[in-house]
Amino acid sequence: MKRFVWRLQRVLDIKAKEEQKKTTELFQLTAKLSETRGRLLAQQRIRNDIILRIAQKKPQRRLAEQELFLKHSATSDKQIKMLKNEVSEMESQQSEKIAELLRVRRFKKALQKLRAEAKMRFVSEQERLEQKELDEGAIISFAADRAGSVSDRHKGTK
């Protein structure tokens, strides 16, 4: 029996590797996004903790610390804004990566379906050819037996 060879197998293999690569890229981006979100939350928590501590102090001491906090809060706010922008950018990249991955996955699934259909047709054709050979062998065998019995009858009548 012939071996099944599908001419698009190389394309399917390439798409499988591409899917694997895009999945890895998505995982890396998601990990980086998670880490950046963690930094953002930490910065926000630190700022809020400082505000709460200042609010709990006595009014005379609070004014001096509020002044110091306000002088340095611009830097903190700038860093928080930068982290928010980073998170936003990474989220859009993540959405793009997910869309790319889904496109590759759909294409790969379609190729796998085509391959399965082609293999079923191949197996069916091979079974049909094998059955045809068996039928021809049976016909030849039957004809040979028939010819042999006819010649035996002719020998007996002579």
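The residues of the chain are indexed from 1 along the displayed sequence.
Expressed to the nearest 0.5 Å, how far CG of Leu134 lies from OG of Ser141 amounts to 11.5 Å. In this structure, the separation between CD on Gln131 and CD on Glu133 is 10.5 Å, given to the nearest 0.5 Å. The structure places CD of Gln94 at 11.0 Å from CD of Glu96, a figure rounded to the nearest 0.5 Å. How far CZ of Phe122 is from CD of Glu127: 10.5 Å, rounded to the nearest 0.5 Å. Of the inter-residue distances, the one linking Ser88 atom OG with Gln93 atom CD reads 10.0 Å to the nearest 0.5 angstrom. Between the CZ atom of Arg105 and the NZ atom of Lys108 there is a distance of 7.0 Å, given to the nearest 0.5 Å.
Here the closest non-hydrogen pair linking Gln9 and Arg115 is OE1-NE, 2.5 Å.
Qualifying salt bridge (Lys or Arg N to Asp or Glu O under 4.0 Å) partners for Glu125, counting only residues two or more places apart in sequence or in other chains: Arg128. Not counting sequence neighbours, the partners of Ala118 by the side chain to side chain contact (heavy atoms under 4.5 Å, CB included) test are Phe4, Trp6, Arg121. With sequence neighbours left out, Arg61 forms a side chain to side chain contact (heavy atoms under 4.5 Å, CB included) with Lys57, Glu65.
Residues Leu12 and Leu114 share a single hydrophobic cluster, defined by chaining ILVMFWY side chains whose heavy atoms lie under 4.5 Å apart. No continuous path of ILVMFWY side-chain contacts below 4.5 Å connects Leu129 to Ile140, so the two sit in separate hydrophobic clusters. Linking ILVMFWY residues whenever their side-chain heavy atoms come closer than 4.5 Å, directly or via other members, places Leu83 and Met90 in the same cluster. By the criterion of side-chain heavy atoms lying less than 4.5 angstrom apart, applied directly or through intervening Ile, Leu, Val, Met, Phe, Trp or Tyr residues, Ile51 is grouped together with Ile46 in one hydrophobic cluster. Linking ILVMFWY residues whenever their side-chain heavy atoms come closer than 4.5 Å, directly or via other members, places Val87 and Ile80 in the same cluster.
You'll find the side chain of Pro59 stays beyond 4.5 Å of the side chain of Leu63, heavy atoms only. Looking at Met82 and Lys78, their side chains never come closer than 4.5 Å, going by heavy atoms from C-beta outward. Under the 4.5 Å side-chain criterion, counting only non-hydrogen atoms from C-beta, Glu100 is in contact with Lys97.
With salt bridges taken as basic N to acidic carboxylate O contacts below 4.0 Å, one links Glu18 and Lys15.
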Show the numbers, then the answer: is there a side-chain contact (heavy atoms from CB on, under 4.5 Å) between Arg106 and Arg103?
-> CA-CA 5 Å; Arg106 274 193 300 270; Arg103 251 191 322 275; 3.8 Å; yes

Arg37 and Glu91: salt bridge (Lys or Arg N to Asp or Glu O under 4.0 Å), yes or no, with the steps?
-> CA-CA 10 Å; Arg37 281 182 180 151; Glu91 285 172 341; 2.5 Å; yes

Given side-chain contact (heavy atoms from CB on, under 4.5 Å), test Lys21 with Lys17 step by step and report yes or no.
-> CA-CA 6 Å; Lys21 179 184 173 208; Lys17 285 181 181 165; over 6 Å; no

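Of the options Ile14, Val11, Asp13, a side-chain contact (heavy atoms from CB on, under 4.5 Å) to Leu111 is made by Val11 and by none of the others. Of the options Arg47, Lys84, Gln43, a side chain to side chain donor-acceptor pair (under 3.5 Å) to Gln79 is made by Gln43 and by none of the others.
In terms of modelled atom types and a separation under 3.5 Å, the side chain of Ser124 and the main chain of Met120 share no donor-acceptor contact. No side-chain donor-acceptor contact under 3.5 Å links Ser34 to the backbone of Thr30.
When only modelled atom types and interatomic distance are considered, Asn85 and Glu89 share no side-chain donor-acceptor pair under 3.5 Å.
Around CZ of Phe69, the count of heavy atoms belonging to other residues, nucleotides or ligands within 6.0 Å exceeds 12. The environment of NZ in Lys22 is crowded: more than 12 heavy-atom neighbours from other residues, nucleotides or ligands sit within 6.0 Å.
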